[in-house]
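Just so we're clear, the structure is a prediction, and the values are computed from it rather than from any experiment. Note that ligands are numbered from 1 as they come in the structure, with each ligand's atoms numbered from 1 the same way.
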Amino acid sequence: MSVRRVIVCAGGGDVAPWRAAFEALVPGVEVLDTPDGRGCDFAAVWAPSRAWLAALGPVRAVFSLGAGVDHLAPVLDALRGVPVVRIEDAGMADQMVECAMLAALSTQRRAHTYAAQQRSSRWEKHPVIARAAMPVAVLGLGALGGPVARALADFGYPVQGWSRRLRAIEGVRCFAGREGLREALSTAMVAVNLLPLTDATRALFDREVLGWMPRGATFVNLARGAHVVDDDLRALLEAGHLAHAVLDVFEREPLDAQSPWWTHPAVTITPHIAARSIPEACAAQMVEKFARLDAGLAVGGLVDPDAGY
Ligand code: NAP
Ligand code: GLV
């Protein structure tokens with residue numbers, strides 16, 4: 001059955017690009033942006049409140065407008081019985097590859113060191129680091145972490161990947177479990193976090209875990225701010241154990257103007273732009289997955305409420 005009516009909650013963002021994407025894809029589709037009692041086929045949401053969901057009425061599926069579903073964690077129980085589906089890739093994996101590659105290359109080519117030297121007019125050369133001598137850990141090997149690990153390995157970095165279930169990715173040494181995390185991090189000069197935020201991964205990167213990285217390493221957080229214990233990260237940067245952190249995400253966004261991260265000399269900040277949802281690609285994926293659900297077929301990205309992703 002084709003989609004007739006969709007409701008979008010953009011979590012304070014602009015609904016217009018989503019409306020345009022659905023309308024271009026499904027002629028005649030009605031796109032609502034506030035619950036009004038009319039039955040919708042599915043809801044496409046980012047951070048809906050409980051009140052918004054309570055007013056929604058029955059839908060046959062709920063799609064996240066992005067890859068992450070942590071914004072739905074508080075309402076997953078209320079949604080039991082309704083399939084909740086996350087976006088898989090839809091143009092985000094390429095963006096993540098670019099971000100992770102930028103961070104890896106910046107470390108390998110000492111971009112942060114040379115930028116600091118330029119600010120103090122200092123002409124000083126440092127030894128070359130070969131790609132083969134710069135191991136990179138990719139934490140989370142899913143729709144985004146998988147392509148990131150493969151791209152970094154294809155480029156010539158030794159890559160160590162970590163996931164919940166042990167994965168097999170050509171050219172990547174794969175690990176699982178806490179000991180596996182320790183092993184993956186213990187030689188990594190760059191670690192890229194691409195885990196979902198769940199009960200099992202919240203505050204995972206504390207003093208102990210970040211301390212497993214070798215002295216002088218770079219931590220890159222492209223997933224969620226709440227994965228990291230900020231005070232522990234700051235302490236390791238200030239002790240010089242970690243040389244740099246690339247932070248795209250923060251526990252509270254937008255990052256407060258008073259946050260000490262803004263001016264920290266060993267931190268690079270971006271405003272949660274590592275991989276942005278592309279409405280046209282995401283809408284096409286939702287419509288296709290909805291048709292499969294409707295036909296009783298399996299879909300990828302189905303959220304397991306017990307695992308939280
Ligand atoms: P995904 O396909 O669900 O992959 C998640 C990966 O993490 C899987 O490999 C999974 O293991 C692993 N994992 C989950 N829980 C774990 C645990 N407790 N221990 C070890 N590994 C664990 O997710 P995705 O599409 O790649 O997205 C990842 C995250 O990126 C999203 O949840 C979101 O927070 C973030 N994100 C950020 C941006 C941004 O702009 N900054 C944009 C998009 C997404 P298995 O392979 O065993 O399942
Ligand atoms: C963005 O952070 C997403 O989860 O898609």
Review point. How about E208: does its CD atom have over 12 heavy atoms from other parts shown lying under 6.0 Å from it?
Key: yes
Revision key, fill the gap. The atoms of ligand 2 lying under 4.0 Å from a heavy atom of G68, numbered in the order shown, are 3 (C), 4 (O), 5 (O)
Exercise for review: May I ask you to check whether over 12 heavy atoms, not counting those of R38, lie within 6.0 Å of atom CZ?
Suggested key: yes
Practice item. Assess whether atom CG of D304 is packed by more than 12 heavy atoms of other residues, nucleotides or ligands within 6.0 Å. Key: yes
Practice item. Return yes or no for this condition: an N or O of A67 is under 3.5 Å from an N or O of ligand 2. Key: yes
Point to revise | Closest protein heavy atom (residue, atom, distance) for atom 26 (O) of ligand 1 | key: L144 N, 2.9 Å
Review point. To the nearest 0.5 Å, how far apart are CE in M96 and CG in L222?
Key: 5.5 Å
Review point. Looking at ligand 1, does any of its N/O atoms fall within less than 3.5 Å of an N/O of R167?
Key: yes
Review point. Going by the angle between their ring planes, with limits at 30° and 60°, are F219 and F205 parallel, tilted or perpendicular?
Key: tilted
Practice item. Look only at interatomic distance and state if L194 has a nitrogen or oxygen under 3.5 Å from any nitrogen or oxygen of ligand 1. Key: no
Check your understanding: About how many Å separate CG of L302 and NZ of K289, when rounded to the nearest 0.5 Å?
Key -> 8.5 Å
**Study point:** Under-4.0 Å salt bridge between D41 and R5
**Key:** no
Practice item. For residues I7 and P35, determine if any side-chain heavy atom of one lies less than 4.5 Å from a side-chain heavy atom of the other. Key: yes
Review point. Can you list the atoms of ligand 1 that are under 4.0 Å from a heavy atom of A67?
Key: 25 (O), 43 (C), 44 (C)
Review point. Is R86 touching ligand 2 with its side chain, its backbone, both, or neither, if touching means heavy atoms under 4.0 Å apart?
Key: neither
Exercise for review: Measure from atom 48 (O) of ligand 1 to every heavy atom in R164, R165, H71 and give the option owning the shortest one.
Suggested key: R165
Practice item. Check each of D199, L247, L222, D70 against atom 41 (N) of ligand 1 and report the one with the nearest heavy atom. Key: L222
Practice item. May I ask you to test the I87-L65 pair for a side-chain heavy-atom distance under 4.5 Å? Key: no
Point to revise | Pairwise side-chain contact, D256 with F250, heavy-atom cut-off 4.5 Å (strictly under) | key: no
Review point. What are the atoms of ligand 2, with element, lying closer than 4.0 Å to any heavy atom of G66?
Key: 5 (O)
Revision key, fill the gap. protein heavy-atom neighbour closest to atom 10 (C) of ligand 1 works out as Y309 OH, 3.6 Å
Review point. Is there a nitrogen or oxygen of R224 sitting under 3.5 Å from a nitrogen or oxygen of ligand 2?
Key: yes
Check your understanding: Is there a donor in the side chain of D33 and an acceptor in the side chain of W18, or the other way round, less than 3.5 Å apart?
Key -> no
Review point. Which ligand 1 atoms are under 4.0 Å away from a heavy-atom of A200?
Key: 18 (N)
Exercise for review: Using a strict cut-off of 4.0 Å, indicate which atoms of ligand 1 neighbour a heavy atom of H272.
Suggested key: 39 (C), 40 (O), 41 (N)
**Study point:** Which residue and heavy atom of the protein sit nearest atom 2 (O) of ligand 1, plus the separation
**Key:** A143 N, 2.9 Å
**Study point:** From CG (D232) to CG (L236), nearest 0.5 Å
**Key:** 7.0 Å
Exercise for review: Just go through L204, T201, L197 and tell me whose heavy atom is the nearest to atom 17 (C) of ligand 1.
Suggested key: T201
Check your understanding: Is the shortest N/O to N/O distance between R276 and ligand 1 below 3.5 Å?
Key -> no
Study note, to complete from the structure: Logged contact type for V249 with ligand 1, heavy-atom cut-off 4.0 Å, is side chain
Review point. Who's closest to atom 5 (C) of ligand 1 heavy-atom-wise, of A274, A223, P196, A90?
Key: P196
Practice item. Would you kindly say whether H244 and T107 are connected by a side-chain donor-acceptor distance under 3.5 Å? Key: no
Check your understanding: Does at least one non-hydrogen atom of T198 fall below 4.0 angstrom from an atom of ligand 1?
Key -> no
Practice item. Drop me the distance from L247's CG to S259's OG, to the nearest 0.5 angstrom. Key: 9.0 Å
Exercise for review: Give, for atom CG of L197 and atom OH of Y309, the distance between the pair rounded to the nearest 0.5 Å.
Suggested key: 13.0 Å
**Study point:** Options A307, G142, S277, ranked by nearest heavy atom to atom 6 (C) of ligand 1, top entry
**Key:** G142
Exercise for review: State the atoms of ligand 1, each with its element, that fall below the 4.0 Å cut-off from a heavy-atom position in S163.
Suggested key: 9 (O), 11 (O), 20 (C), 21 (N), 46 (O)
Check your understanding: In terms of residue, atom name and distance, what is the protein heavy atom nearest to atom 13 (N) of ligand 1?
Key -> L195 CD2, 3.7 Å
Check your understanding: Mind checking whether R86 has an N or O less than 3.5 Å away from an N or O of ligand 1?
Key -> yes
Point to revise | Y114 six-ring face occupied by R109 cation (under 6.0 Å, within 45°) | key: no
Study note, to complete from the structure: ligand 2 atoms nearer than 4.0 angstrom to some heavy atom of W46 are 1 (C), 3 (C), 4 (O)
Point to revise | Which residue and heavy atom of the protein sit nearest atom 19 (N) of ligand 1, plus the separation | key: W162 CH2, 3.4 Å
**Study point:** Minimum non-hydrogen distance to atom 1 (C) of ligand 2, winning option of M92, H71, E253, H272
**Key:** H272
Check your understanding: At what distance is the nearest protein heavy atom to atom 40 (O) of ligand 1, and which residue and atom is it?
Key -> A275 N, 3.0 Å
Point to revise | Side chain, backbone, both or neither: M96 near ligand 1, heavy atoms under 4.0 Å | key: side chain
Check your understanding: Is W162 close to L185 at the side-chain level, that is, under 4.5 Å between some pair of heavy atoms?
Key -> no
Exercise for review: Using a strict 4.0 Å cut-off to heavy atoms of L141, name the atoms of ligand 1 that fall inside it.
Suggested key: 6 (C), 8 (C), 9 (O)
